[in-house]
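So you know, we letter chains A, B, ... as the sequences are listed, proteins then strands, and number each from 1.
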Amino acid sequence: MSRGRYILRRLVQMIPVLIGVTIIVFLMVHLIPGDPASAMLGDQATDVSVARVHKELGLDKPLYEQYFYFMRNLAELKLGDSIKFRVPVSSIIFERLQVSLLLVAITILLTIIISMPLGILAAIKKDSLLDNIVRSTLMVTMVMPSFWTGIILILLFSIHFRILPVSGYGSNPVQHVVHLILPALTISLGLAPILIRSLRTSILDTLRSDYIKTARAKGLEERSVMTIHVLRNALIPTVTLLGISVGFLMGGTVIIEKVFSLPGAGLLLIDSVSARDYPVVQAATLIFALLVILVNLATDIIYSFIDPRVRYG
Amino acid sequence: MSQPARAAPAPMKVSEEMGFDAQLQLLQHHFMAGHLNRRDFIKRASVMGFSMATISAALAACGGSSDKTATSASSGSTSSSGGASTTPTTSITVNQNASPVASGGATPTSSTSSGPSGGSVILARGTDSDNLDPVTNDGNVNIWLFMNIYDQLITVANDGLSLTPDIAEKWDTSTDGKTFTFHIRSGVKFFDGSDMTVDDIKWSLERAQKTESSPWLFTLEQVDTIDSPDDSTVVITLKEAWAPFLADISMFNSSIISKAFGTKIGEDKLVDQTMGTGPFQLKEWKKAQSMTLVKNPNYWKPGLPKLDQITIPVVTDSNSRILQLKGGQVDGIIGQNDIPLSAVTDLGNTPNTKVYKFTSTYNNFIVLNTRNAPLNDVKVRQALNYATDKNEIIKSLLFGNAEVSNSFMPNGALFWNPDQKGYPFDVDQAKKLIGESQSPNGFKLEFQVLSGNQLQLQTATALKDMWQAINVELDILQLEQGVMTDNYRNNKFQARLTGWTNDINDPDELVSYAILPESTQNYHTGWTNQKAIDLANEGRTTLDESKRKEIYYQIQQIHMDDAPFVYLYVLPYIDALNTKVEGFFHHPMGQWVFAEMSVKS
C-alpha cells in the first residue's frame, strides 16, 4: 500500500474513534455529581436560580437530546458557547491551544538538543566518566517532580540571575518564546533522560551488529559509519518513545502550565471541569484526542523516512 | 466604586507586631463606629500594651479626617423638599474616610494626594472575573473589579458603615420614609464622552429591578416607581417604608450604565463590555488570562484617576503569584484569599514589598445541619461551639491574621454587637452540655471540606482534635468543588465551613440569609426561629436607628443561643504590593479602590 493511501485510511479510521470519545466524555461530564448551575451560583444558590440557569443552558432536557444537539453543532463545526465565560468555545480554546502547542514544540526541540548529543556521546564513550555523569545527573532530574524542577529553575534563572521571566506568557511572539524557555526546559529535563538511555542502548546494540563490522571492514570513515549506519537504525525506538511522550504532552502539561501561569489548554480543561463548563470540556477533550491520534500517525510516517524497510499494510 | 478625593486611605503595613496591629485596627474601627468612646479606646489600647504615643497617633488618625468630610456630609442633609425630613435613614455624618488607618507606629504609609499621575501597574489575582454586568453577575471576582468602572447614586464610605454621595450630590427622605429624592451631580460623563443623564439612571435602576436573571432583585423589591421630574432629579417611591433602602440602592447592582451603549450592544453583551462613569474602563479582556483597565479621562472627580492603565493577569498558582511579585513581574497580589497566610510574614520581610491588611466583613463559620440527630439538639450545637478554640485556630492556622467572631454578623459591621459574649473556649461547659444532651456519649460527625483547600483541611483537622474532648469523632470528607456545592444546596451534609462578605452596609442582607428561610433555608442549616423571623421583618420597616439597633442585637442573641453556626473568625483582606505602588485601598465591602492609586517611577 502506498504511503498516501495508508494515511488516508488512518484518517478515516479516526472518525469512529472520535465519536467514541464524544460519547464517553459527554457521559462522564454529565454523570459526575455537581452541575454548572451550582458551580456558577455558588453557596448562595437558591432552587429558583438553579432552575432558571438549567433552563437557560438547556440542561433541563433529557441527556440524549442534549447529546444530539451537541453532535449536530459539531457536524456544523460549531463548538457551542462556554457556560462560564458566555463566549464561543472556539474563541477561547484555539488561543489557549496555541500556547500548549508552542510549548510542546519548544519542548521537543530542547529535548532533542539535549538528548541527541549526550546519548551519542554516552554510547561512544561507554563507561567513561562522561557516560557516568550523564546517566547519574539526568537520573536525578528525571525523578524530580516537574513542579519542583520548575520552581528551582525559576528561583535560579528568574529570581537570582533575573535573565528569564518568572512566569506568564508575554504579549508578542518573541516574548512568548522567551516565556516558554523555562517551562519547556522543565519538561525536557524530565523527558531527556529517558531518550538518552534509550538512544545509548540502541546505539550500543547497533554497534555490535554485523553490518557495522562490515562497514568498518570495508574502510568506511568512522563518521560515516555513525551517521549512515548506526544512528539511522538506532533512532527508531527513540522516535517511538518521543512520539508517545509528545502524545502524552498534549494536554498533559497542566502542572507546568500552573507553575508557570501559562494560559494553556490543559489548565483550561481542568478549570472547566471544576466549573462544569460542559461545552469547553467536551471540545477540549475532543481536540486533545484528535491531536494524540495525529501525533501517533505522524510518528508512524516518520518511521518510513528513517527506515526505508518499513512498509505499510 | 468611587473614592473621595481626599486624604489617603492608609492601610496598615504588616510587621512583626502584626497581631497587635490588627487589634489596634479593630479598636479604631469600633471607635469610629461609636461603639467605644475615647476613654475606653485609650483604656483598652493600653491594656493591650500599646504605648501612649501609638495610642494618641491612632486616635488622631481616626479623628483627623472628620473635618474634611464635613462639607459633603452636611450637604447631604441640609436641603429639603416639601416637608420632607432631611435626615437620611442611615447617618452619613460619621467619618467618611475613616479608613482602617494604622500602622505599627500609626504613621500613614502613604499620602496619595501627592502621588504622581500617569503610569501603569500590574496586579495579579488567582481567579478571573466571569461577568461584569452589575445586574446579572454573582461574585466577588466581578464586583471587586467593576466597582472601579461603574458609579452608583450613593455609595458606602471607606469606613464601611456610613453612606456618602456619589452620582447623587445629596438626597432627601420624606418623613414617612417612602419617598427618596436624589439630586444628581451635573457634568458627569461616561467614558465615551457622552453626558450621563437622569434617563441613564432610570434605565439602569429599572433594569436592576426587573431583569429576571438577576440574583439581586430582592434589593429593589420595595421600589414602586422611579421618576425623573427634571434633568437633575430622580425620585424613587417605595411600596412601604423600608429601612435598608438607601443601603440597597448603594449596592453594585444599582450601578449607572450608559443606556445608549446598553441598548446598542444589547443587554446580554454587558457581561464583557462596559460603559460607566467610574474612574476606569475595561479595555481588553482575555478570558481566564488577563484584563486591562484604562483611565476614564472624563471621570468627574478632578485629578483622578492617577494611573493610565491597570493590567490584571490571572495567576492561578499561589507560588507563581508570589514568585512573580518577588521577581518584579507583577506589582501586587490583590485577589480574595490569594496570599496563603503562611506566606504573609515572608512577603512582609521581602524588600520592596509590603503586605496590607484591610478591614473586611469576611466572616467565617461552620454551618451545622440542624435537621437530623444529633445536630437537631441545641445543647449539642452549643457544646460544639464551646469546644472550639477559636484563638488557637487563629494563632496556629491563620498566623494571627484574624479576629474571633462572636456573631453571624462580621465584626465592626453596622449593628454588630461588640459586647455579645460569643462562645469562649470552655471544655468543661462543653462536656456539661453534651452530658445533658440526647447524645451524652458523643457521636460521629461527617465534616465536608473542599479538596485542595489547605486551610479548610487544616481547620477540620484542628477541630477533630478539639472536639475529641467531648467525644465527637470527626470524619473528614474531602470533596471536589462541584460535589461540595451540590451537597450543600441539597442539604446533604452534617457540618462544613463557609463564610460571607457584606455587599451592603446594612445588616438586612445577612439577616435575610441567616434568619429568613426563604432564600437558602438559613444557609442550609434548616434552623428557624419564629421570634427571630418576626424581628428581622420588623427591622426592615423600623426607621428609628436606636430601635433597629436593639432589634438586630436581639436577633444576634437568638442566633447565638440557638447555635446553628459555630462562629470562627473574621479574616481581613490581605494584599501585597510593591512599595512603588501607593494609594491602593481595599474597601470593607470588598471592592478594590483604584482611583487614587499611583506609582513611583
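Contact annotation for B:Val483: both backbone and side-chain heavy atoms come within less than 4.5 Å of a heavy atom of chain A. Heavy atoms closer than 4.5 Å to chain B are found nowhere in A:Phe147, neither backbone nor side chain. Looking at A:Ile151, only its side chain comes within 4.5 Å of chain B, counting heavy atoms on both sides. For A:Leu155, the part lying under 4.5 angstrom from a heavy atom of chain B is the side chain only. With a threshold of 4.5 angstrom between heavy atoms, B:Ser129 approaches chain A through N, CA, C or O but not through any side-chain atom. Using a 4.5 Å cut-off between heavy atoms, B:Asn490 makes no contact with chain A at all. Residue B:Asp268 does not touch chain A at all, counting heavy-atom pairs closer than 4.5 Å.
If you tally non-hydrogen atom pairs under 4.5 Å between each of A:Ser167, A:Gly150, A:Ser158, A:Ser82 and chain B, the highest count goes to A:Ser167. Contact count versus chain A (heavy atoms, under 4.5 Å) is highest, among B:Lys326, B:Glu480, B:Gln521, for B:Glu480.
The structure places OG of B:Ser318 at 8.0 Å from NZ of A:Lys258, a figure rounded to the nearest 0.5 Å. Here the CD atom belonging to B:Gln289 is positioned 9.5 Å from the CD1 atom belonging to A:Ile92, to the nearest 0.5 angstrom. Here the CG atom belonging to A:Leu262 is positioned 11.0 Å from the CG atom belonging to B:Asp317, to the nearest 0.5 angstrom. Note that CG of B:Asn131 is 12.0 Å distant from NZ of A:Lys84, once rounded to the nearest 0.5 Å.
Looking at B:Gln324 and A:Ser261, their side chains come closer than 4.5 Å, going by heavy atoms from C-beta outward. Put simply, the side chain of B:Asn319 does not reach to within 4.5 Å of the side chain of A:Val259, judged on heavy atoms.
Closest approach of B:Gly327 to A:Arg162, counting heavy atoms only: O-NH1, 3.3 Å. Between B:Leu323 and A:Ile159 the shortest heavy-atom distance is O-CD1, 3.6 Å.
Open room surrounds CE on A:Met139; 12 or fewer heavy atoms of other groups in view lie less than 6.0 Å from it. Atom CD of A:Glu76 has more than 12 neighbouring heavy atoms from other residues, nucleotides or ligands inside a 6.0 Å radius.
Counting only distance, with no hydrogens or angles, the side chain of B:Lys287 and the backbone of A:Phe85 share a donor-acceptor pair below 3.5 Å. Using a distance-only test at 3.5 Å, with no hydrogens or angles considered, a donor-acceptor pair links the side chain of B:Gln329 to the main chain of A:Val166.
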